[in-house]
Chemist: 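The structure is given below, and queries will be raised subsequently.
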Amino acid sequence: GGTSIVGGILRLEGGNNRLLSTGSLAFGGSSGTLDVGSNSQTLGGLTFSKTGTTSHLITGATGTLQVNGGDIQIGGGDTSAVSAAQTVDMSGLGNFLFVNSLKSFSVGGRTDNASAAVTGSGTLFLAKTNSITASTFGISPYGNGNSSSNSGTVHLGQTNTINANSVVIGGLKTTALLDFQTLTNPILKIRGTGGTDSNRAVMTVGANNSGILEANATVDLTSGGTVTSTLDALLSSLVIGQNLRSTNALGKSVTGTFIMGAGLLDATSIVVAGQDSVSLLTTASGDATGSLTLNGGTIRTSSLTLADKKT
């Protein structure tokens, strides 16, 4: 069975799993709130509106929401000439868990229209404590073949764990941001989908392969210098600013930015600004700009490459 919220507040009281724990919950309409209170609720799926401008809340300061099934997609749009903007705010929720190693967790618009006036966006404020286990974690990972633009933003909570084999912050022709809410000493931990220290993630911050729009991706774990955070990341590779430049002669640019505070960034290889080999279709290569900034922590790598330009 399934439950829909198309407005108002659905408040869960009287114990855990007041909704069917294997069922799905769908947020429709322009607004609506799920209040789990101090209870724990497990769901088989969680979906959000993908059209128009919407804002949905999930609250419960000491409560827990766990989702075990289906892809998570926050941010809408399609091939129509209609913009879409979706916001999901879990900042008033105590604990959020997404547990499905075969599914994706994605925040960002998915418009695909010939008009540059069409935009799609997705914004997520995470809960106080979060654990996300997925095959892919993406912020604006969707790059279309048209002129419409997409963006995605995730504001992390106090304690955050992302277990995903692929972490993509900013796909082709998109704008993406990962940062913290205004908090005291928040934490971000990144591992591969398996979640152990032997499971490393592949992370990309900014990639482009377009002759239509630039791409801009930012991971700012200081939130503009207002937050002192700790990072614990084990990666097999980290690429910051990659221009694939293989299918379009016009060559729009990509900018990737990674700013960390305290903690450890351990990546087997790090590339800061890379251009792939040109193809027969490419007569003007797109620029690639990358920036890696350290504010008090440690970066450990076996291979650091700056300005990796392939011919």
Side-chain angles (χ1 to χ4, degrees), residues 75 106-111 116 119-123 137-156 166-180 188 190 201-227 231 233 235 237-261 265 267 269-278 282 284-295 299 301 304-311:
S106 179
V107 179
R110 296 182 64 85
T111 63
T119 61
S121 69
T123 301
F137 176 88
I139 302 177
S140 202
Y142 178 71
N144 63 49
N146 276 302
S147 297
S148 59
S149 61
N150 293 300
S151 63
T153 300
V154 173
H155 303 296
L156 296 165
S166 175
V167 178
V168 178
I169 313 299
L172 313 184
K173 303 192 304 180
T174 67
T175 299
L177 172 64
L178 175 67
D179 68 1
F180 285 100
L188 172 61
I190 302 175
V202 174
M203 187 172 187
T204 301
V205 181
N208 204 14
N209 186 25
S210 173
I212 301 174
L213 294 171
E214 289 78 16
N216 195 314
T218 301
V219 174
D220 184 357
L221 303 183
T222 69
S223 296
T226 64
V227 171
L231 174 66
L235 310 177
S237 67
L238 171 62
V239 178
I240 305 170
Q242 181 182 31
N243 204 309
L244 304 174
R245 63 174 193 166
S246 61
T247 61
N248 199 295
L250 300 179
K252 294 295 184 178
S253 66
V254 58
T255 301
T257 302
F258 193 109
I259 304 169
M260 66 173 281
L265 169 61
S269 67
I270 299 175
V271 175
V272 182
Q275 287 181 316
D276 282 7
S277 301
V278 296
T282 306
S285 62
D287 291 339
T289 301
S291 174
L292 175 59
T293 302
L294 176 63
N295 292 304
I299 297 174
T301 183
L304 173 61
T305 305
L306 306 180
D308 181 26
K309 182 175 183 178
K310 297 181 174 63
T311 58

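All values reported here derive from a predicted model rather than from experimental measurement. Just so you know, residue 1 is the first one in the sequence shown, and it goes up from there.
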Chemist: Kindly compute the distance separating CG (Leu172) from NZ (Lys252), expressed to the nearest 0.5 Å.
Modeler: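 One gets 15.0 Å once the value is rounded to the nearest 0.5 Å.
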Chemist: Would you sort out whether Phe258 and Leu265 count as a side chain to side chain contact (heavy atoms under 4.5 Å, CB included), showing the intermediate values?
Modeler: CA-CA 11 Å; Phe258 193 109; Leu265 169 61; 4.2 Å; yes
Chemist: Report yes or no: does Asn208 contribute a side-chain atom to a donor-acceptor pair with the main-chain N or O of Gly170 at less than 3.5 Å?
Modeler: no
Chemist: Out of curiosity, Arg110 CZ to Ser121 OG, how far, rounded to the nearest 0.5 Å?
Modeler: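 OG of Ser121 is found 14.0 Å from CZ of Arg110.
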Chemist: Mind checking ring pair (Phe, Tyr, Trp, His ring centres under 6.0 Å) for Phe180 and listing every partner two or more places apart, or none if nothing turns up?
Modeler: none
Chemist: Tell me, please, which residues at least two apart from Thr111 pass side-chain hydrogen bond (donor to acceptor under 3.5 Å, both in side chains).
Modeler: Ser148, Asn150
Chemist: Please round to the nearest 0.5 Å and tell me the distance separating atom CD1 of Ile259 and atom CG of Asp179.
Modeler: 10.0 Å
Chemist: Among residues at least two apart in sequence or on other chains, which ones pass side-chain hydrogen bond (donor to acceptor under 3.5 Å, both in side chains) with Asn295?
Modeler: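 side-chain hydrogen bond (donor to acceptor under 3.5 Å, both in side chains) check on Asn295 returns nothing, list empty.
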Chemist: Leu238 and Met203: side chain to side chain contact (heavy atoms under 4.5 Å, CB included), yes or no, with the steps?
Modeler: CA-CA 5 Å; Leu238 171 62; Met203 187 172 187; 3.9 Å; yes
Chemist: Can you tell me how far the CD1 atom of Ile139 sits from the OG1 atom of Thr123, to the nearest 0.5 Å?
Modeler: 10.5 Å
Chemist: Run the side-chain contact (heavy atoms from CB on, under 4.5 Å) test against Thr226 and tell me which residues pass, sequence neighbours left out.
Modeler: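 Scan of Thr226 (side-chain contact (heavy atoms from CB on, under 4.5 Å), adjacent residues dropped) gives Ser223.
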Chemist: If I compare all heavy atoms of Val168 with all of Pro141, which pair ends up nearest, and what's the gap?
Modeler: CG1-CB, 4.2 Å
Chemist: What's the shortest heavy-atom distance between Gly171 and Ala215, and which atoms?
Modeler: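 Shortest heavy-atom contact: O-CB, 4.0 Å.
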Chemist: Under the side chain to side chain contact (heavy atoms under 4.5 Å, CB included) rule, what do Asp287 and Glu214 come out as? Steps first, then yes or no, please.
Modeler: CA-CA 10 Å; Asp287 291 339; Glu214 289 78 16; over 6 Å; no
Chemist: Ignoring hydrogens and angles, tell me if any N or O in the side chain of Asp308 forms a donor-acceptor pair with the backbone of Val271 under 3.5 Å.
Modeler: no
Chemist: So how far is it from Leu156 CG to Leu221 CG, rounded to the nearest 0.5 Å?
Modeler: 7.5 Å
Chemist: List the residues meeting side-chain hydrogen bond (donor to acceptor under 3.5 Å, both in side chains) with Asn216, not counting sequence neighbours, and say none if there are none.
Modeler: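 Not a single residue meets the side-chain hydrogen bond (donor to acceptor under 3.5 Å, both in side chains) criterion with Asn216.
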Chemist: Taking Ala288's backbone N and O only, do any of them form a donor-acceptor pair with Gln242's side chain (distance below 3.5 Å, no angle check)?
Modeler: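 Side chain of Gln242 to backbone of Ala288, a donor-acceptor pair under 3.5 Å: no, none is there.
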Chemist: Give me the atom names and distance for the closest heavy-atom approach of Ala201 to Ile190.
Modeler: CB-CG2, 4.2 Å
Chemist: Taking all non-hydrogen atoms of both residues into account, name the closest pair between Ala273 and Gly290 and its distance.
Modeler: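 Of all heavy-atom pairs spanning Ala273 and Gly290, the closest is CB-N, 3.5 Å.
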Chemist: The criterion is side-chain hydrogen bond (donor to acceptor under 3.5 Å, both in side chains); which residues satisfy it with Thr222, sequence neighbours excluded?
Modeler: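 Thr222 satisfies side-chain hydrogen bond (donor to acceptor under 3.5 Å, both in side chains) with Asp220 once adjacent residues are dropped.
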Chemist: Start with the C-alpha gap between Ile299 and Ile270, add the side-chain angles, then the distance that decides, and say whether side chain to side chain contact (heavy atoms under 4.5 Å, CB included) holds.
Modeler: CA-CA 10 Å; Ile299 297 174; Ile270 299 175; 3.8 Å; yes
Chemist: Would you compute the distance between atom OG1 of Thr257 and atom CG of Leu178 and round it to the nearest 0.5 angstrom?
Modeler: 12.5 Å
